[in-house]
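Presented below is the structure to which this report refers.
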Amino acid sequence: MDPYVLKNRALWDEWAEINYRSPFYAVDDFKAHPTPLDAEVLAGLGDLTGKSVLHLQCHFGMDSIRLKLAGAREVVGIDFSPVAVAKARELAAEMAVDVRFLETDLYKLTDVLDGEFDVVFTSYGVTGWLPDLGPWGQLIARYLTPGGRFFLIEGHPMLFMFDGSAGRLDFTYPYFRQREPIALAPTTGTYADPTATFSSTEYSWPHELGETINALTGAGLRLDEMREYRHTVWKAFPFLVEEAPDRFVMPPELPQLPMMFSLRASRS
């Protein structure tokens, strides 16, 4: 495992504990009344009835469970954090939802998983943890059945160029991929719990849109659709305006940046 990825696994082991008990995820409410996948994801995935789905970087499995509840015949979720995978298995068992979870470095997935899937899916805060998208694209192509489809929805790389902690948009981070990751020392607060403390450093890699697209087309997939969105489904900056439930936009006095993007691709 890449040494920075290994360090990120320690971070996500901490974050899995924090996130599981956070109001952001509201796990107890989800157990009692499971909420569906958000509208953008449902539209991008299409009808899942009877489909087999591979969910990459699934964290502790809430969206994997949602995929199964949306009608998928089979769902396999993978994540590199043993803490997250243990919690995913526990959550699925408590909810009596049949989802299989595997603990693995994404780049080593072929060591632990055979077969092909009708749909491969990954979403929100996933690509920045990957040092190289070329092998990622090859894995997606490897696991898609002929005619199968891939869907990614993610924060826009332009969004990730800014630091908004001071109440304004400050250009801080690079747009293009670089050899060494961006290192963010531990601070108070995570995206799920602003009061939480943790000890591990965060390492992330920027990936421009062209790199993401080329990773998929270079692996032989056909790009079917790309969308850009003026909103996020999480409060990426403290000054964003919630124009609808879980739909956050820039205030009108600031530039309306692309906040998220999605890609649909398929295997011939």
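All residue numbers refer to positions in the sequence shown, counting from 1.
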Exercise for review: Would you sort out whether Glu74 and Lys68 count as a salt bridge (charged side-chain N to carboxylate O under 4.0 Å, His left out), showing the intermediate values?
Suggested key: CA-CA 7 Å; Glu74 174 191 10; Lys68 182 68 174 180; over 6 Å; no

Exercise for review: Could you check Arg227 against Glu40 for salt bridge (charged side-chain N to carboxylate O under 4.0 Å, His left out), going step by step and ending with a plain yes or no?
Suggested key: CA-CA 10 Å; Arg227 291 181 179 268; Glu40 294 84 357; over 6 Å; no

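- Between Pro157 and Leu209 there is a side-chain heavy-atom pair separated by less than 4.5 Å.
- Remark: Arg149 pairs with Leu48, Lys51, Val119 by the side-chain contact (heavy atoms from CB on, under 4.5 Å) rule, at least two apart or across chains.
- Residues Met158 and Val249 do not share a hydrophobic cluster, clusters being chains of Ile/Leu/Val/Met/Phe/Trp/Tyr side chains in contact below 4.5 Å.
- Taking 4.5 Å as the limit, some side-chain heavy atom of Met226 sits within range of a side-chain heavy atom of Ile213.
- Proximity of a side-chain donor or acceptor of Asn8 to a complementary backbone N or O of Tyr203 within less than 3.5 Å is detected.
- Every pair passing side-chain hydrogen bond (donor to acceptor under 3.5 Å, both in side chains) that includes a residue from residues 89-108 is listed here, sequence neighbours excluded: Lys31-Glu94.
- Remark: aromatic rings of Trp129 and Trp12 are close, center separation under 6.0 Å.
- Tyr20 pairs in a side-chain contact (heavy atoms from CB on, under 4.5 Å) with only one of the listed residues (Trp15, Tyr25, Phe60), which is Phe60.
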Practice item. Give the intermediate values and the outcome of ring pair (Phe, Tyr, Trp, His ring centres under 6.0 Å) for residues Trp136 and Phe150. Key: CA-CA 12 Å; Trp136 170 81; Phe150 169 66; 5.7 Å; yes

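- Linking ILVMFWY side-chain heavy atoms closer than 4.5 Å, directly or via other members, places Phe237 and Leu254 in a single hydrophobic cluster.
- Within a 6.0 Å sphere centred on CE of Met95, other residues, nucleotides and ligands contribute more than 12 heavy atoms.
- Once rounded to the nearest 0.5 Å, the distance linking CG of Leu109 with CZ of Phe80 reads 14.0 Å.
- A distance-only check finds a donor-acceptor pair linking the side chain of Ser52 to the backbone of Asp118 [under 3.5 Å].
- How far OG1 of Thr35 is from CZ of Phe30: 5.5 Å, rounded to the nearest 0.5 Å.
- Connection of Met1 to Val126 is established within a shared hydrophobic cluster, with ILVMFWY side chains joined at heavy-atom distances below 4.5 Å, either directly or through further cluster members.
- Side-chain atoms of His207 come within 3.5 Å of backbone N or O of Leu130 as a donor-acceptor pair.
- Both tests do not hold together for Lys235 against Phe248: distance to the six-membered ring centre under 6.0 Å, angle to the ring axis within 45°.
- Pro206 has its side chain out of reach of Tyr173: every pair of non-hydrogen atoms, C-beta onward, lies at least 4.5 Å apart.
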Point to revise | Chi angles and distances behind the salt bridge (charged side-chain N to carboxylate O under 4.0 Å, His left out) call for Arg9, Glu14 | key: CA-CA 9 Å; Arg9 186 175 67 178; Glu14 289 191 83; over 6 Å; no

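- Proximity of a side-chain donor or acceptor of Glu225 to a complementary backbone N or O of Leu263 within less than 3.5 Å is not detected.
- With hydrogens and angles disregarded, no donor-acceptor distance shorter than 3.5 Å links the side chain of Asp63 to the backbone of Arg66.
- Grouping the Ile, Leu, Val, Met, Phe, Trp and Tyr side chains by contacts below 4.5 angstrom, directly or via other members, places Ile18 apart from Val83.
- In this structure the side chain of Leu240 reaches within 4.5 angstrom of the side chain of Met259, judged on heavy atoms.
- Residues Leu169 and Met250 are in side-chain contact: their nearest non-hydrogen atoms beyond the backbone lie under 4.5 Å apart.
- The closest donor-acceptor contact from the side chain of Asp79 to the backbone of Ser81 lies under 3.5 Å.
- The closest donor-acceptor contact from the side chain of Gln178 to the backbone of Glu180 lies under 3.5 Å.
- Here the OG1 atom belonging to Thr201 is positioned 8.5 Å from the CG atom belonging to Leu184, to the nearest 0.5 angstrom.
- Ring-centre distance between Phe171 and Phe162: below the 6.0 Å cut-off.
- Looking at Arg168, its side chain never comes within 3.5 Å of a backbone N or O of Gly164 through a donor-acceptor pair.
- A donor-acceptor pair under 3.5 Å links the side-chain atoms of Tyr143 to the main chain of Leu113, judged by distance alone.
- If you take CZ on Phe121 and CG on Leu45, they are separated by 5.0 Å, rounding to the nearest 0.5 Å.
- Annotation: the span from Asp193 atom CG to Phe198 atom CZ amounts to 10.5 Å, rounded to 0.5 Å.
- For the pair Ile140/Leu56, a side-chain contact is recorded, criterion being any heavy-atom separation below 4.5 Å from C-beta on.
- Contacts of Gln138 classified as side-chain contact (heavy atoms from CB on, under 4.5 Å), with partners at least two apart in sequence or in another chain: Ala219.
- Scanning all heavy atoms of the two residues, the minimum distance from Cys58 to Gly77 falls at SG-C, 3.7 Å.
- In terms of modelled atom types and a separation under 3.5 Å, the side chain of Thr49 and the main chain of Asp47 share no donor-acceptor contact.
- Here the straight-line distance linking atom CG of Leu67 with atom CZ of Arg73 works out to 13.5 Å at 0.5 Å rounding.
- Residues Val233 and Tyr124 have side chains in contact (heavy-atom distance under 4.5 Å, counting atoms from C-beta outward).
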